Asks: 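Take a look at this one; I'll ask things after.
Every value quoted in this text rests on a predicted model; they were computed, and no experiment measured them.
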Amino acid sequence: MDKKVLVVDDEPSIVKLVQFNLEKEGYQVAVAGDGDAALTKVREEQPDLLVLDLMLPKVDGLEVCRQVRRENRHLPILMLTAKTEEFDKVLGLELGADDYMTKPFSPRELTARVKAIFRRMEAVRETTDPQPNRKLKVGDLVIDAEGYEVRRQGKTVDLTPKEFELLIYLANHRGKVLSRDQLLNAVWDYDYIGDTRIVDVHVSHLREKVEEDSRNPVYIKTVRGIGYKFEGPKEG
């Protein structure tokens with residue numbers, strides 16, 4: 001396994017524990033103890049996944065997330081937070097984090113999350129379309145799983161990894177009503193024990209990027225009280 005994970009936390013004991021467990025699973029691990037070092041390491045090490053603490057010295061985790069996402073829309077970001085307020089979790093997602101974990105957490109759980117993220121990214125590339133060379137086209141959207149690219153009206157749409165995976169799953173189940181819990185299990189690959197806000201945040205971001213008018217969506221429709229349904233624009 002040649003995947004590299006950058007772990008950013010200002011608590012040496014946590015970094016050491018996470019590094020030990022990830023390396024035991026065969027991952028390469030780079031570490032950083034503050035926001036400045038994290039930004040430098042992202043550019044120098046070019047990791048495949050960023051595990052990022054929210055509360056960091058120098059540059060906090062939210063600003064690191066913002067800057068990383070501005071420079072690299074494909075890098076998955078797993079945010080760690082000791083805070084339990086909904087605001088902090090949602091803000092991290094708003095800034096481009098793909099996933100989050102609340103401290104304290106078990107090393108086994110974090111390792112499972114890391115594995116799930118990589119497994120989902122691989123699954124997207126392999127199973128998006130029964131014929132891998134074909135692109136999925138709906139209305140003015142073209143979804144290219146192999147190239148990990150989405151185009152709308154001929155222009156590239158910048159999606160984070162999790163937004164991309166969510167769009168593909170919705171599009172591959174066109175016309176089917178999907179509950180938030182179904183989407184959590186399918187796209188995030190594990191249970192959130194009812195914490196479905198993460199789905200709503202990502203759907204909101206998707207609409208802003210793929211819809212002409214996010215308040216009157218054509219593709220991603222809300223099914224009140226249940227979840228979401230992907231449709232195409234009505235003909236004529």
Side-chain angles (χ1 to χ4, degrees), residues 3-11 14-15 18-19 21-22 27-83 86-103 105 109-124 148 150 157-168 184 187-190 192 195 197-206 208-209:
K3 297 292 187 185
K4 181 184 290 186
V5 181
L6 173 59
V7 179
V8 185
D9 199 300
D10 63 337
E11 297 183 53
I14 291 180
V15 171
V18 171
Q19 181 175 11
N21 282 273
L22 289 178
Y27 297 105
Q28 297 179 48
V29 180
V31 301
D34 62 63
D36 279 343
L39 291 169
T40 299
K41 285 287 182 75
V42 167
R43 294 166 187 137
E44 292 180 349
E45 301 282 349
Q46 298 190 341
D48 300 293
L49 171 65
L50 175 60
V51 178
L52 178 67
D53 187 35
L54 180 65
M55 303 298 290
L56 293 171
K58 296 186 179 180
V59 179
D60 68 33
L62 294 175
E63 181 59 28
V64 171
C65 186
R66 183 187 287 110
Q67 290 192 39
V68 168
R69 190 53 74 220
R70 192 182 302 138
E71 297 175 14
N72 187 337
R73 63 188 174 93
H74 292 303
L75 177 63
I77 300 175
L78 171 59
M79 187 179 69
L80 305 179
T81 173
K83 298 185 176 181
E86 181 76 6
F87 171 79
D88 296 301
K89 298 173 183 177
V90 173
L91 185 56
L93 297 172
E94 294 281 359
L95 293 174
D98 298 287
D99 198 357
Y100 66 82
M101 289 184 64
T102 302
K103 294 179 178 179
F105 56 84
E109 182 186 2
L110 187 138
T111 301
R113 293 282 183 99
V114 169
K115 286 182 177 179
I117 289 170
F118 284 132
R119 185 165 59 243
R120 286 300 309 159
M121 291 178 69
E122 201 60 40
V124 164
Y148 222 77
V150 175
V157 179
D158 290 334
L159 300 181
T160 68
K162 195 57 64 179
E163 289 166 359
F164 186 81
E165 292 168 30
L166 179 58
L167 176 61
I168 282 178
L184 280 174
V187 179
W188 279 262
D189 208 17
Y190 42 75
Y192 262 81
D195 189 357
R197 174 66 175 172
I198 191 171
V199 175
D200 296 330
V201 172
H202 280 80
V203 167
S204 176
H205 286 177
L206 267 179
E208 290 173 3
K209 296 176 179 182

Asks: Measure the shortest side-chain to side-chain distance between Val7 and Gln19 over non-hydrogen atoms and say whether it is less than 4.5 angstrom.
Replies: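 Not in contact.
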Asks: Can you give me the closest heavy-atom contact between Leu75 and Pro47, atom names plus distance?
Replies: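 So the two residues come closest at CD1-O, 3.2 Å.
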Asks: Minimum heavy-atom separation for Tyr100 to Arg113, with atom names?
Replies: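 Minimum heavy-atom contact is O-NH1, 2.8 Å.
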Asks: Checking Arg70 now: which residues fulfil side-chain hydrogen bond (donor to acceptor under 3.5 Å, both in side chains) with it, not counting sequence neighbours?
Replies: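 Counting only residues at least two positions away or on another chain, Arg70 forms no side-chain hydrogen bond (donor to acceptor under 3.5 Å, both in side chains).
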Asks: Let me see the working for Ile14 and Lys103 under side-chain contact (heavy atoms from CB on, under 4.5 Å), right down to the final yes or no.
Replies: CA-CA 10 Å; Ile14 291 180; Lys103 294 179 178 179; 3.7 Å; yes
Asks: Provide the full list of side chain to side chain donor-acceptor pair (under 3.5 Å) pairs with a residue in residues 32-44, sequence neighbours left out, each pair given once.
Replies: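 For residues 32-44, and leaving out neighbouring residues, the side chain to side chain donor-acceptor pair (under 3.5 Å) pairs sorted by first residue read Arg43-Glu71.
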Asks: Roughly how far apart are Met101 CE and Leu54 CG, rounded to 0.5 Å?
Replies: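 CG of Leu54 is found 14.5 Å from CE of Met101.
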Asks: Not counting sequence neighbours, which residues clear side chain to side chain contact (heavy atoms under 4.5 Å, CB included) with Glu94? List them please.
Replies: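 Here the qualifying residues are Val90, Val201, His205.
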Asks: Under the side-chain hydrogen bond (donor to acceptor under 3.5 Å, both in side chains) rule, collect the residues that match up with Glu208, sequence neighbours excluded.
Replies: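 Glu208: no side-chain hydrogen bond (donor to acceptor under 3.5 Å, both in side chains) contacts found.
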Asks: Decide yes or no for Ile117 and Leu78: does some side-chain heavy atom of the first lie under 4.5 Å from some side-chain heavy atom of the second?
Replies: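 Of all side-chain heavy-atom pairs linking Leu78 with Ile117, at least one is under 4.5 Å.
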Asks: Would you call Phe105 and Leu80 a side-chain contact if the rule is heavy atoms closer than 4.5 Å?
Replies: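 Sidechains of Leu80 and Phe105: in contact.
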Asks: Quick one: which residue pairs count as a ring-ring contact (aromatic ring centres under 6.0 Å, His included) with a foot in residues 47-75, not counting sequence neighbours?
Replies: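 Non-adjacent pairs meeting ring-ring contact (aromatic ring centres under 6.0 Å, His included): His74-Tyr148.
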Asks: Are the side chains of Lys162 and Trp188 in contact, using a 4.5 Å heavy-atom criterion?
Replies: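 Touching, per the 4.5 Å side-chain cut-off.
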Asks: Got a sec, which pairs hit side chain to side chain donor-acceptor pair (under 3.5 Å) with one end in residues 54-65, sequence neighbours left out?
Replies: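 For residues 54-65: Glu63-Arg66, Glu63-Gln67.
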Asks: Could you tell me which non-hydrogen atom of Met55 sits nearest to which non-hydrogen atom of Asp53, and how far apart they are?
Replies: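 Taking every non-hydrogen atom into account, O-OD2, 2.9 Å.
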Asks: Please name the pair of heavy atoms, one in Gly96 and one in Cys65, separated by the smallest distance, quoted to 0.1 Å.
Replies: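 For Gly96 versus Cys65, the nearest heavy atoms are C-SG, 3.9 Å.
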Asks: How long is the gap from NZ on Lys209 to CZ on Phe164, to the nearest 0.5 Å?
Replies: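 CZ of Phe164 is found 12.5 Å from NZ of Lys209.
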Asks: Check the pair Leu110 / Asn21 against side-chain contact (heavy atoms from CB on, under 4.5 Å), numbers first and verdict last.
Replies: CA-CA 9 Å; Leu110 187 138; Asn21 282 273; over 6 Å; no
Asks: Looking at CG of Leu184 and CD1 of Ile198, how far apart are the two atoms once the value is rounded to the nearest 0.5 Å?
Replies: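 Taking CG in Leu184 and CD1 in Ile198, the distance rounds to 7.0 Å.
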Asks: Indicate yes or no: does Asp98 engage Arg120 in a salt bridge with an N to O separation below 4.0 Å.
Replies: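 No.
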Asks: A quick test of your reading: do over 12 heavy atoms of other residues, nucleotides or ligands sit less than 6.0 Å from CD of Gln46?
Replies: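 No, the 6.0 Å shell around CD holds no more than 12 heavy atoms from other groups.
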Asks: In plain terms, say whether Arg69 and Asp158 are close enough for a salt bridge, that is, a side-chain N and a carboxylate O under 4.0 Å apart.
Replies: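 Judged by the 4.0 Å cut-off on N to carboxylate O distance, Arg69 and Asp158 do not form a salt bridge.
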Asks: Looking at Val15 and Asp9, what are the two nearest heavy atoms and their distance?
Replies: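 Looking at all heavy atoms of both residues, the shortest contact is CG2-O, 3.4 Å.
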Asks: Nearest 0.5 Å, what's the OH-CG distance between Tyr27 and Asp48?
Replies: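 If I round to the nearest 0.5 Å, the distance is 10.0 Å.
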Asks: Nearest heavy-atom pair of His202 and Leu166: which atoms, and what distance?
Replies: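 In this case the closest contact between His202 and Leu166 is CB-CD2, 3.7 Å.
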Asks: Can you pull out every ring-ring contact (aromatic ring centres under 6.0 Å, His included) where at least one residue sits in residues 29-53? Sequence neighbours excluded, please.
Replies: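 Counting only pairs at least two positions apart or across chains, no ring-ring contact (aromatic ring centres under 6.0 Å, His included) contact touches residues 29-53.
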